[in-house]
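Keep in mind that this is a model prediction, so the values were computed, not measured. Lettering of chains follows the sequences in order, A, B, ..., and the numbering in each one begins at 1. Excluded from the calculations below are hydrogen atoms, water molecules and symmetry mates; all remaining heavy atoms, backbone and side chain alike, are included.
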Amino acid sequence: VFLANLLMQAYGKCGSAHESRRVFHTIDSLARPNLFSWTILLTANAQNGDLAAAKEVFDKMPHRDVVTWTALIGACARACHVVEAESLLSRIPATDAIAWSSMIVAYSLAGDIPLARNLFESLGQERDVVAETAMLHAYALAGYLREARELFDAMAAKNEISWSAMLGGLADRSLMDEAAALLDRMPQHDLVCWTAMLLGYARKGDLDRAKALFDHIPERDLVCWTAMVEAAAGRVELEIAAAVFDRMPARNVVSWTAMVAALGQELRVDEARLLFDAMPEHDTISRNAMLFGLGKMGRVEESKAMFDVMSDRSMVSWTAMLAIFGRMGQLDRAEGVFDRMPKRDVVSWTALVTLYIQDGQMEAAKAAYDRMPQAD
RNA sequence: CCGGGAGGAGCGGGAGA
């Protein structure tokens, strides 16, 4: 069981929740899975983005402890299910610093800075570097860089993660002078910092600095290479991006998608398609990228074919398809998509209303608007 | 010391900018 647990965890970490489940069932048939096995399985599902599966594991487990509870809270946080996370936290038999930090993350990802801050400031003993860094990151994500900086400067203990969270916040907003000053003061640099800096320069349009940094750093990993592709894709002529892509020592679905999306944006959809078809694997995001590329060119039937093949459509896919039909003036087909959507959100509702307005159907627009749930 | 919390990469989803 001990070794099998390790194996399960390894699979979970590299995103193979399916393999983790298989190992679990093997354990289950030969021996008795222990609390660790169950929790690892829960986490593997959660990391795969499958909250439902994680909850199922939680419910099926014979025993649970703080770690189990917290693992599920973390899963809810990642899925932005704040209410559920709160409810778990209120029912948890014992809390610890990790549980509270997870809740800060939940608020942060849901964009609720006031709640995150309230919770953070109510922490006593549990306020550790991780909680502080989580709060710092929350501020940075929300664009509250002053608050982030104040917190950062006040932190007694900083580790490399706190430093790069601060650096990333600045670079994200392309505040590169401040970011560079911070980088100089950092005790040590790593790939995370370099990649954040690189993207910051690129976002500012300073591809030369980005490239110089990329060439200068002692090591590069897949994330860093992909960031460089993305950085170079900011240029209209994609030859630099393509050259970087070609030189990559290894690629994954993210790097392929970055290139496909870049081609699609520049209306080079046939090249995008070639690349897409050459990809070793696809996922929702890569298929969406291809869908946009086709849709942007007004290739409705090809878009629809792509959409129909997708078994894992997200809200983004549905709304994109809706908008593609709409832009081509095929209102009835757009309505059909809307009616078949498994879920709707503000964006899809607005898309529908806008379609009607652009088509001059003001009563239909009004009716749709009135049908919109209050929450949206 | 087999499990849970914080930092870097991919989608022009609607409207807006």
Considering every strand and a 4.0 Å limit on heavy-atom distances, what is the contact class for [X]: base, sugar-phosphate, or nothing?
| X | result |
| --- | --- |
| A/Arg220 | nothing |
| A/Glu266 | nothing |
| A/Val260 | nothing |
| A/Leu35 | base |
| A/Thr319 | base |
| A/Ala4 | nothing |
| A/Val347 | base |
| A/Asp345 | base |
| A/Ser314 | nothing |
| A/Leu6 | sugar-phosphate |

- Task: Please assess A/Lys55 against A/Asp59 for the test salt bridge (Lys or Arg N to Asp or Glu O under 4.0 Å), listing each intermediate value before the final yes or no.
- Result: CA-CA 6 Å; A/Lys55 279 197 284 198; A/Asp59 291 334; over 6 Å; no

- Message: For A/Tyr144 and A/Glu150, which I'm curious about, is there any donor-acceptor pair between the side chains at under 3.5 Å?
- Response: no

Quick check on the 6.0 Å ring-centre criterion: do [X] and [Y] meet it?
| X | Y | value |
| --- | --- | --- |
| A/His18 | A/Tyr11 | no |
| A/Phe214 | A/Trp225 | yes |
| A/Tyr369 | A/Trp349 | no |

- Inspect the contact between A/Glu19 and A/Arg22 and indicate whether a charged nitrogen and a carboxylate oxygen are less than 4.0 angstrom apart. yes

- Task: Determine, for A/Arg149 against A/Asp153, whether the closest basic-nitrogen to carboxylate-oxygen distance falls under 4.0 angstrom.
- Result: yes

- Query: Between A/Ser108 and A/Phe120, is any pair of side-chain heavy atoms under 4.5 Å apart?
  - Reply: no

- Among residues 40-52 of chain A, which residues get a heavy atom nearer than 4.0 Å to RNA chain B? A/Ile40, A/Thr43

- Message: Using atom C1' in both nucleotides, what's the gap between B/G12 and B/G16 to the nearest angstrom?
- Response: 13 Å

- Start and end of chain A contact along RNA chain B [non-hydrogen atoms, under 4.0 Å]: B/C2 to B/A15

- Any ring pair (Phe, Tyr, Trp, His ring centres under 6.0 Å) pairs touching residues 290-333 of chain A, not counting sequence neighbours? A/Phe307-A/Trp318

